[in-house]
Visitor: 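Just passing along the structure, written as structure tokens.
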Amino acid sequence: MKIELPADYYLDNFYKLIEHAQSQYPDLLSKEEHDWLNQFNALSKDAQCLLVRLYSRKGELFRSDKLNYVEIRSIPSALDELLQQALVSINPAINHPTLANILVKSEITALYPEIAKSCSKSAAIALLPEKVFDQYHQLSFKVIKLERSEMIDILLALFFANTHQDLSQFVLDDLGLHTFEQYQLSKKTRYFQTREQLNQLMALSHLENRFYQADRKYVDQLHLLVKQLPAIIKHPRLERKRQRLINEIARDFERLEQWDIALELFRQSQLPPSKERQARIFDKIEDIERFSDIVTKMHASPYDMSELETAQKLNQRLQRKLGHKVPRSKKPVVDTLRLELDLSQQRVELAVKQHLEQQGWQVYYSENALLTGLFGLAFWPMIFAPIEGAFINRYQHRPLDLYHNDFIAQRTDTYQACLTRVQQNDLNYLVDVYDEKYGISNPFVHWSLFDKPLLKQAIEVIPRDQLIALFEILISDLKLYQAGMPDLIAFKGKQFEWIEVKGPGDKLQDNQIRWIKHFQRLGLPFKLCLVNH
């Protein structure tokens with residue numbers, strides 16, 4: 001059934017931002033910000049709608065002739081109310097190039113006849129004087145400037161703890177496209193504890209935007225960004241954001257072969273791939289001793305399984321550079337089924353599924369969705385446990401620290417309780433969890449690929465100890481192991497088999513080989529199906 005949103009749906013969503021700020025963070029807002037919130041609440045509904053509409057648009061300058069919102073009874077009256085409250089200004093003091101950005105090219109050349117009509121808009125703007133524009137009488141519209149434009153950034157940052165989500169997130173929920181778990185929120189688990197932390201997030205986000213907008217082929221542009229990097233931040237999640245940005249900037253210095261500054265920056269980050277990139281730089285500059293040292297560190301205390309695998313590959317390269325013979329990693333010997341099938345009408349996985357079903361198997365094209373779905377159901381309480389700073393609003397499909405290397409350590413008790421329940425109970429209880437939680441967003445449960453018949457078959461046929469072993473592999477690196485599972489799983493009575501399908505020219509990827517090795521270690525039935533190879 002199609003859901004029709006009311007024309008002013010966005011206003012209710014803006015109220016959610018305000019309610020969140022006032023209930024969760026009243027102590028972090030300044031007097032001026034509290035005054036703004038009170039001022040907004042006192043506006044007429046039309047004025048509120050117009051102001052939120054302006055906040056939802058890009059920039060802070062708008063043309064009066066481009067405002068057309070059917071739900072606002074009188075835009076001129078609403079605009080006048082905002083003007084009286086100093087929430088907007090009309091025909092502000094701006095320079096010529098700034099104004100020209102909201103004009104179309106024909107309007108620019110009409111206003112400035114000396115500019116050739118063949119000129120591009122950007123070139124035309126570059127020709128304009130920096131002096132204040134004073135020819136508003138020549139325009140057929142008013143220019144509206146949004147005052148206190150930073151308020152939307154503050155409210156969004158308090159709600160989402162980032163600056164890339166906006167009011168459109170609410171629309172997905174309003175349309176029923178996203179349904180979220182009812183996890184615990186409280187001041188104790190809020191993301192920001194001080195105003196300084198909010199300011200640090202916004203400053204980092206602005207710096208990140210400047211980084212992506214900069215011409216990063218030039219060293220001087222990168223040096224300007226380095227000078228603006230903040231010192232170490234005590235807030236662990238903001239510090240991760242800072243270190244991610246450091247890695248990005250350092251990687252650009254590395255690409256430009258500015259080895260010293262790249263190494264200096266990578267040393268300031270503990271997040272992958274900082275150690276890997278240092279190792280690769282030492283390799284390039286033939287500093288074997290430091291290459292060896294960093295690889296040894298990665299081996300001794302890897303950040304996660306992915307970094308350990310990288311260390312193993314780097315160590316092989318190091319040993320070869322030292323003149324040692326290093327045998328190439330052997331690919332697993334896999335039970336292989338070769339088929340000749342017509343692939344003209346459907347994709348190769350579905351063709352194999354159809355073939356196996358003709359042999360009496362019940363086959364599901366589930367890829368990663370089966371194991372992650374079982375895991376998501378079994379460990380649902382752990383995933384949504386009330387850990388400080390993990391859940392900060394009602395619109396999260398996962399905790400903020402899901403892929404941090406201390407995710408499980410932060411939830412040891414809940415993890416153990418979930419594991420014990422899996423170990424000691426008939427797994428049919430997962431069907432009840434499925435029914436209770438169906439449709440609720442979970443980072444591991446992909447409802448469209450994980451239906452109840454597949455769930456029931458899996459828990460009835462796959463031995464529980466093997467499922468637990470697979471869960472433990474997932475737990476060892478939740479990000480790394482969410483990909484690479486076989487395309488199909490087939491059932492026939494009490495038999496089951498995972499099947500990886502490869503069409504013409506396709507071959508096994510590293511993440512698939514990784515899982516195959518685990519399957520073989522655990523004695524899980526697995527086939528590689530090569531079609532028309």
Side-chain angles (χ1 to χ4, degrees), residues 162-164 199-324 326 401 403-406 477 479-480 510-511:
N162 63 57
T163 54
H164 61 263
N199 294 342
Q200 286 169 330
L201 169 70
M202 298 184 72
L204 270 174
S205 296
H206 291 150
L207 182 57
E208 197 172 48
N209 289 337
R210 286 195 290 276
F211 167 72
Y212 288 118
Q213 292 165 8
D215 190 339
R216 289 142 53 196
K217 297 189 298 290
Y218 298 101
V219 171
D220 58 343
Q221 294 270 341
L222 295 174
H223 277 294
L224 285 173
L225 293 165
V226 171
K227 287 179 181 177
Q228 297 171 59
L229 280 169
I232 293 173
I233 301 174
K234 291 181 180 178
H235 189 297
R237 294 187 176 89
L238 294 179
E239 175 59 16
R240 281 178 63 87
K241 185 177 179 71
R242 187 186 79 96
Q243 291 188 22
R244 280 198 302 270
L245 180 56
I246 287 173
N247 282 348
E248 294 266 19
I249 297 173
R251 189 76 175 94
D252 278 336
F253 275 110
E254 181 188 352
R255 291 187 184 99
L256 296 171
E257 299 187 355
Q258 301 290 308
W259 311 125
D260 289 343
I261 182 66
L263 287 168
E264 181 185 340
L265 286 168
F266 279 130
R267 281 192 286 266
Q268 295 176 39
S269 171
Q270 300 303 310
L271 294 181
S274 59
K275 292 189 183 72
E276 176 192 353
R277 299 319 312 170
Q278 290 175 66
R280 295 196 184 279
I281 291 172
F282 293 138
D283 180 18
K284 285 176 185 174
I285 64 178
E286 298 293 332
D287 190 334
I288 301 298
E289 184 177 351
R290 289 202 286 175
F291 184 16
S292 176
D293 287 345
I294 198 79
V295 171
T296 301
K297 285 180 184 176
M298 291 172 71
H299 260 293
S301 55
Y303 183 87
D304 51 24
M305 286 295 297
S306 183
E307 187 166 89
L308 178 59
E309 288 186 3
T310 301
Q312 291 165 346
K313 291 176 183 176
L314 288 170
N315 187 54
Q316 289 180 340
R317 178 166 178 78
L318 173 63
Q319 295 308 311
R320 290 190 185 100
K321 294 195 78 146
L322 292 171
H324 303 147
V326 179
D401 63 337
Y403 299 123
H404 296 191
N405 62 346
D406 62 348
D477 193 319
K479 192 169 190 177
L480 183 71
D510 286 347
N511 60 359

Visitor: I need the single residue from R244, K241, Q213, H164 that forms a side chain to side chain donor-acceptor pair (under 3.5 Å) with E208. Which is it?
Guide: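 It is K241; the other options fail the test.
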
Visitor: Under the criterion side-chain contact (heavy atoms from CB on, under 4.5 Å), I'd like the reasoning laid out for E276 against F266: C-alpha separation, chi angles, the key distance, then a yes or no.
Guide: CA-CA 9 Å; E276 176 192 353; F266 279 130; over 6 Å; no

Visitor: For residues D283 and K321, determine if any side-chain heavy atom of one lies less than 4.5 Å from a side-chain heavy atom of the other.
Guide: yes

Visitor: Are K275 and Q270 side-chain neighbours, meaning at least one heavy-atom pair lies under 4.5 Å?
Guide: yes

Visitor: Is a salt bridge present between K284 and E254, judged by a nitrogen-to-oxygen distance below 4.0 Å?
Guide: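 Salt bridge flag = yes for E254 with K284.
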
Visitor: Are the side chains of N315 and L318 in touch, meaning some heavy atoms are under 4.5 Å apart?
Guide: yes

Visitor: Would you call E309 and K313 a salt bridge, taking side-chain N to carboxylate O under 4.0 Å as the test?
Guide: no

Visitor: Under a 3.5 Å distance rule, please check whether S274 uses its side chain to pair with a backbone N or O of S269 as donor and acceptor.
Guide: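 Answer holds: yes.
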
Visitor: May I ask you to decide if L271's main-chain N or O and N247's side chain share a donor-acceptor pair within less than 3.5 Å?
Guide: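 Present.
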
Visitor: Hey, mind stepping through V295 and H299 against side-chain contact (heavy atoms from CB on, under 4.5 Å) and telling me if it holds?
Guide: CA-CA 6 Å; V295 171; H299 260 293; 4.0 Å; yes

Visitor: Would you say that F282 contacts E289 through its side chain, given a criterion of any heavy-atom pair below 4.5 Å between the two side chains?
Guide: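 Sidechains of E289 and F282: no contact.
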
Visitor: Verify side-chain contact (heavy atoms from CB on, under 4.5 Å) between L265 and R251, making sure each step is shown before the conclusion.
Guide: CA-CA 9 Å; L265 286 168; R251 189 76 175 94; over 6 Å; no

Visitor: In terms of side-chain geometry, is the basic nitrogen of K479 or D304 positioned less than 4.0 Å from the acidic oxygen of its partner?
Guide: no

Visitor: Looking at CG of L201 and CZ of R237, how far apart are the two atoms once the value is rounded to the nearest 0.5 Å?
Guide: 13.0 Å

Visitor: Is any side-chain heavy atom of I294 less than 4.5 Å from a side-chain heavy atom of L314?
Guide: no

Visitor: If you measure from the Lys or Arg side-chain nitrogens to the Asp or Glu carboxylate oxygens, is any gap between D252 and R255 under 4.0 Å?
Guide: yes

Visitor: When you measure from the side chain of D287 to the backbone N and O of R290, does any donor-acceptor pair fall under 3.5 Å?
Guide: yes

Visitor: Tell me, do D260 and E264 make a side-chain contact under 4.5 Å, heavy atoms counted?
Guide: no

Visitor: Heavy atoms only: give me the nearest R242-P230 pair and the separation to one decimal.
Guide: NH1-O, 3.0 Å

Visitor: Rounded to the nearest 0.5 Å, how far apart are CG of L229 and CD of Q268?
Guide: 7.5 Å

Visitor: Rounded to the nearest 0.5 Å, what separates atom CZ in F291 from atom CD in Q278?
Guide: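 Here the rounded value is 12.0 Å.
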
Visitor: Checking D477 now: which residues fulfil salt bridge (Lys or Arg N to Asp or Glu O under 4.0 Å) with it, not counting sequence neighbours?
Guide: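 Result, salt bridge (Lys or Arg N to Asp or Glu O under 4.0 Å) vs D477: none returned.
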
Visitor: Give a yes or no on whether R240 atom CZ has more than 12 heavy-atom contacts from other residues, nucleotides or ligands under 6.0 Å away.
Guide: yes

Visitor: Any non-hydrogen side-chain atom of Y218 less than 4.5 Å from a side-chain atom of L256?
Guide: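 Side chain of Y218 against side chain of L256, heavy atoms only: no contact under 4.5 Å found.
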
Visitor: For the residue pair Q243 / E239, report whether a side-chain donor-acceptor contact shorter than 3.5 Å exists.
Guide: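 The criterion, which ignores hydrogens and geometry beyond distance, is satisfied for Q243 and E239.
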
Visitor: Taking the side chain as every heavy atom from C-beta outward, state whether I261 and V219 have any pair of such atoms under 4.5 Å apart.
Guide: no

Visitor: Quick one: CD on Q200 to OG on S205, what's the gap to the nearest 0.5 Å?
Guide: 11.5 Å

Visitor: Measure the CE-OG1 distance between M305 and T310 for me, rounded to the nearest 0.5 Å.
Guide: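 M305 atom CE to T310 atom OG1 measures 10.5 Å (nearest 0.5 Å).
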
Visitor: Could you grab the distance from atom CD1 of I281 to atom CH2 of W259, nearest 0.5 Å is fine?
Guide: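 So the gap between those two atoms works out to 6.5 Å.
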
